There are 2 protein chains.
Amino acid sequence: MADLVYRKVFNDLKDKIVKNEFPNKRLPDERSLSEEYQVSRSSVKRALKVLADEGIIFKKRGSGTFINPLYMKNKTIFHYEGSNLGITDSLKSQGKTPKIKLLSFKVVPANKEIQQDLFLSEGDFVYEIQRLRLFDDQPFMIETGYIPIKIAPELTREIVEKSIFNYVEDTINKSVTRSFLSILASPSNEQDQELLNLKPTEPVGVMEGIFFLDDGTPFEVSNMRLHYRYLRYNTFVMLNDH
Amino acid sequence: MADLVYRKVFNDLKDKIVKNEFPNKRLPDERSLSEEYQVSRSSVKRALKVLADEGIIFKKRGSGTFINPLYMKNKTIFHYEGSNLGITDSLKSQGKTPKIKLLSFKVVPANKEIQQDLFLSEGDFVYEIQRLRLFDDQPFMIETGYIPIKIAPELTREIVEKSIFNYVEDTINKSVTRSFLSILASPSNEQDQELLNLKPTEPVGVMEGIFFLDDGTPFEVSNMRLHYRYLRYNTFVMLNDH
DNA sequence: AAGTGGTCTAGACCACCGC
DNA sequence: CGGTGGTCTAGACCACTTG
């Protein structure tokens with residue numbers, strides 16, 4: 001992954017942007033970058049495309065490529081980038097230690113809502129997994145997930161305390177590649193306040209989502225409640241036209 | 001726009017998918033499509049990339065390209081608007097009447113932050129427009145926007161009480177087609193509580209964004225504070241791999 | 001006119017899948 | 001092994017912006 005040409009250009013440019021090595025907020029033109037990195041202009045374009053999709057840069061035809069000023073501002077430790085969600089990655093990359101505390105792990109019958117979300121039938125069972133995620137010993141997210149037992153019949157506490165997605169990729173040989181997410185704000189409840197160290201006036205950011213395997217099978221429905229300072233979802237939006 | 005090669009391939013394929021012209025849920029391989037449409041394989045790939053980004057198809061290396069079996073069903077269950085945001089539209093569609101109450105309308109010098117966000121220079125002026133948006137006489141959003149006067153030199157209270165974007169499209173003949181948005185949760189402040197009828201424990205959802213004209217010029221930087229029950233951002237997310 | 005991003009082509013080689 | 005998608009190159013021409 002990391003030794004792909006466009007990936008290297010992407011990583012290097014992102015690095016330089018973060019280190020503020022383009023103080024005029026402008027990147028060199030594509031042809032210069034192509035020369036500098038000794039790669040084709042197509043590969044440069046591909047790298048820039050990904051940067052643009054993540055909202056880090058934007059391009060002005062005829063003018064050049066510029067750094068999105070919102071990207072650097074008010075960066076929370078934890079941020080999601082549109083079309084690329086990397087929970088553990090984005091944490092690790094900053095040299096921090098993400099941890100998981102397992103709050104509960106059960107097998108329960110799927111209720112109506114979960115049946116619909118995961119395309120299950122009456123009588124199907126799911127794992128109910130509640131985890132607290134920490135980041136440098138600071139709790140930031142309560143995550144409640146439901147996974148059909150028939151998709152991953154051998155989940156254990158040990159697996160669940162680490163990465164479920166990695167387990168699935170290594171063992172079932174399928175991968176979780178996409179999801180539908182809903183993002184909203186909510187007042188904190190007592191559990192939130194206790195586990196995330198919140199005052200009653202402080203809210204949580206909520207991300208609800210369904211994760212899919214690469215063959216389209218719904219794999220998990222998840223409800224994530226985040227300390228409000230740790231949620232910042234950055235996205236690039238195309239308005240009505242294309 | 002629609003006469004781009006990859007766009008035509010995209011539209012044609014999407015059309016065929018919707019009409020169920022691939023009953024085996026599988027698309028022809030890229031080289032055949034390239035031949036069929038008499039375009040390069042790169043253009044086929046580009047069209048397929050867009051289809052995949054929209055969650056309509058997925059590609060399996062070594063196997064082929066398949067139609068996401070959930071694509072049709074999902075439309076009723078989720079309404080994902082990622083990559084297509086229409087605030088007033090989505091309100092109108094529910095048969096409700098959106099209204100705008102103008103809270104303040106001034107011309108002020110752009111501060112450093114706004115200068116950076118909108119690529120302005122020292123001494124440039126911007127409109128500062130604060131509006132309360134209502135929905136069936138129920139206030140749901142406080143919106144503070146900054147627009148360079150040099151882009152829209154003739155803004156008036158009358159325009160600002162309606163749609164700024166429509167004015168821009170009709171008059172300047174440019175359109176607002178893209179934005180970068182950051183979405184987060186925040187405790188409500190006193191103004192929020194008063195204008196949005198919130199209790200102190202109830203939060204707001206915040207959307208900060210820069211809106212761009214179709215030529216890439218930053219047009220407006222906007223801060224939107226929404227009653228938490230009215231913010232729900234739905235999006236389709238591709239995870240780490242492609 | 002020069003510079004910059006956008007689109008498109010043609011072709012090469014690689015990596016993975018299934019028979 | 002053949003078929004498929006993934007990556008990459010080199011170069012052409014177009015469309016828009018800026019001085």
Side-chain angles (χ1 to χ4, degrees), chain A residues 1-11 13 22 24-53 57-68 169 173-175 177 214-215 238 241-242, chain B residues 1-11 13 22 24-53 57-67 119 121 150-151 172-175 177-178 212-218 238 240-242:
Chain A
M1 167 79 137
D3 53 348
L4 298 179
V5 168
Y6 81 91
R7 229 40 224 176
K8 278 200 292 201
V9 175
F10 166 83
N11 285 326
L13 285 174
F22 302 109
N24 54 355
K25 300 298 176 194
R26 182 194 181 128
L27 265 58
D29 71 278
E30 296 180 348
R31 288 164 180 84
S32 305
L33 290 171
S34 161
E35 173 68 21
E36 179 187 336
Y37 288 105
Q38 287 293 300
V39 301
S40 72
R41 191 177 155 215
S42 307
S43 297
V44 169
K45 289 184 90 65
R46 187 161 186 185
L48 294 180
K49 174 94 168 51
V50 180
L51 285 166
D53 286 346
I57 61 169
F58 64 93
K59 297 183 259 191
K60 266 188 87 164
R61 177 192 215 144
S63 304
T65 303
F66 304 87
I67 296 169
N68 173 14
E169 291 186 15
N173 202 26
K174 296 194 171 183
S175 59
T177 51
D214 53 8
D215 63 3
M238 299 296 285
D241 295 346
H242 258 288
Chain B
M1 171 71 114
D3 53 348
L4 297 180
V5 168
Y6 81 92
R7 226 44 224 172
K8 278 200 292 203
V9 175
F10 166 83
N11 285 326
L13 286 174
F22 303 108
N24 54 354
K25 299 297 175 194
R26 183 193 181 129
L27 265 59
D29 71 279
E30 296 180 347
R31 288 162 181 86
S32 305
L33 290 170
S34 162
E35 172 69 20
E36 180 187 335
Y37 288 105
Q38 286 294 299
V39 302
S40 73
R41 190 176 156 217
S42 307
S43 297
V44 169
K45 290 184 91 64
R46 188 161 185 183
L48 294 180
K49 174 95 168 51
V50 181
L51 285 166
D53 285 346
I57 62 170
F58 59 96
K59 298 182 259 190
K60 287 181 91 157
R61 179 192 212 141
S63 304
T65 303
F66 304 87
I67 297 169
F119 284 80
S121 316
K150 66 183 176 194
I151 292 186
I172 313 184
N173 200 27
K174 296 196 170 181
S175 58
T177 51
R178 292 173 284 169
F212 296 86
L213 299 177
D214 50 10
D215 63 3
T217 310
M238 301 295 287
N240 296 321
D241 295 347
H242 292 267

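In what follows, every chain begins at residue 1, and chains take the letters A, B, ... in the order their sequences are listed. Treat the numbers as computed from the prediction; the structure is a model and nothing was measured.
- C:dG6 atom C1' lies 12 Å from atom NZ of A:Lys49, rounded to whole Å.
- Both A:Val39 and A:Ser63 lie near DNA chain D, and the one whose nearest nucleotide falls closer to the 5' end is A:Val39.
- Between the P atom of D:dA10 and the CD atom of A:Gln38 lies a distance of 9 Å, rounded to the nearest Å.
- When rounded to the nearest whole Å, the span between CD of B:Glu30 and C1' of C:dA15 equals 14 Å.
- Checking the phosphate oxygens (OP1, OP2) of C:dT7, no side-chain nitrogen or oxygen of B:Ser43 falls inside 4.0 Å.
- Looking only at side-chain heavy atoms (C-beta outward), A:Thr65 and A:Asp29 stay at 4.5 Å or farther from each other.
- Atom pair A:Lys45:NZ and D:dG11:P shows a separation of 17 Å (rounding to whole Å applied).
- Salt bridge present: A:Lys49 and A:Asp53 bring a charged side-chain N and a carboxylate O closer than 4.0 Å.
- One interatomic measurement links the two molecules: CZ of A:Arg26 to P of C:dG5, which rounds to 7 Å at whole-angstrom precision.
- Of the residues near DNA chain D, B:Arg61 and A:Arg31, the one whose nearest nucleotide (by heavy atom distance) lies more toward the 5' end is B:Arg61.
- Checked against A:Leu13 for a side-chain contact (heavy atoms from CB on, under 4.5 Å), the options A:Val44, A:Leu48, A:Ile57 give a single hit: A:Leu48.
- Rounded to whole angstrom, the span from the CZ atom of A:Arg41 across to the C1' atom of C:dT4 amounts to 8 Å.
- Between A:Ser42 and A:Gly62, it is A:Gly62 whose nearest contact on DNA chain C lies nearer the 5' terminus.
- Listed candidates were C:dG6, D:dT9, D:dG5. Nearest to the side chain of A:Lys59 is C:dG6.
- Spacing between atom NZ of B:Lys60 and atom P of D:dG6 amounts to 13 Å, rounded to whole angstrom units.
- A ring-centre distance under 6.0 Å is found for B:Phe119 and A:Phe58.
- The CD1-C1' distance, from A:Ile57 to C:dT4, rounds to 14 Å in whole Å.
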